[in-house]
Amino acid sequence: DYVDTHFADAGTGIVFAMHAEAASFGSRVSGTRVRTKLENLIKMNPESRIIIDMREVAFCSSSFADEVFGKLFVAKGALAFMSRFELRGVHPTVQSLVDRAILQRSTSKA
């Protein structure tokens, strides 16, 4: 019930407000919790797009970015990741960390 009311799809996708879903953005442990929430959301809502709202996240650690985005990208595959997730309001510093995490994780698994 919590997921149904807290993460309802308004027609454009399910908004996942990152600042409200993580206590911090500096550790792999915190990243694991966020990734688990995102994986559960896509399992419970197989037809919905997940919009990850990053507007209030000015910085995150490399390990957090890898744990959330690098691992999701590799687990889901490039096309599925791109079609299921949308990042909005990403600070340029965070964007570069996410891009680097995805690149490093995907090339190390190839």
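- The list of salt bridge (charged side-chain N to carboxylate O under 4.0 Å, His left out) pairs with a residue in residues 88-97, not counting sequence neighbours, reads Glu86-Arg88.
- In terms of heavy atoms, Met82 sits closest to Arg49 at O-NH1, 3.3 Å.
- Annotation: Arg55, atom CZ; neighbour count of heavy atoms from other residues, nucleotides and ligands within 6.0 Å does not exceed 12.
- Looking at heavy atoms from C-beta onward, Phe69 lies in side-chain contact with Leu87 at the 4.5 angstrom threshold.
- Checking each of Asp53, Val34, Ile51 against Phe16 for a side-chain contact (heavy atoms from CB on, under 4.5 Å) leaves exactly one that passes, namely Val34.
- In this structure, the side chain of Arg105 does not engage the main chain of Val74 through any donor-acceptor pair within 3.5 Å.
- Of the inter-residue distances, the one linking Ile52 atom CD1 with Ile14 atom CD1 reads 11.5 Å to the nearest 0.5 angstrom.
- The two residues Ser63 and Gly26 come nearest to each other via the heavy atoms OG-O, 4.2 Å.
- Between the CD atom in Gln95 and the CZ atom in Arg100 there is a gap of 11.5 Å [rounded to 0.5 Å].
- Screening residues 71-80 for salt bridge (charged side-chain N to carboxylate O under 4.0 Å, His left out) gives Glu67-Lys71 as the qualifying pairs, with residues at least two apart or on separate chains.
- Taken from SG in Cys60 to NE2 in His91, the straight-line distance is 11.0 Å, to the nearest 0.5 Å.
- Ion pairing between a basic and an acidic side chain is recognised when a charged N comes within 4.0 Å of a carboxylate O; Arg28 and Asp66 show such pairing.
- Atom CD1 of residue Ile50 and atom CZ of residue Phe81 lie 11.5 Å apart, to the nearest 0.5 angstrom.
- Glu39 places a side-chain heavy atom less than 4.5 Å from the side chain of Leu72.
- Membership of the apolar cluster around Phe59 extends to Leu97, as traced through chained side-chain contacts below 4.5 Å between ILVMFWY residues.
- Going from atom CZ of Phe64 over to atom CZ of Arg35 covers 11.0 Å, rounded to the nearest 0.5 Å.
- Looking at heavy atoms from C-beta onward, Phe73 lies in side-chain contact with Ser106 at the 4.5 angstrom threshold.
- A donor-acceptor distance shorter than 3.5 angstrom exists from the side chain of Arg84 to the backbone of Ser48, with no hydrogens or angles considered.
- Using a 4.5 Å heavy-atom threshold, the side chains of Phe25 and Ser30 count as separate.
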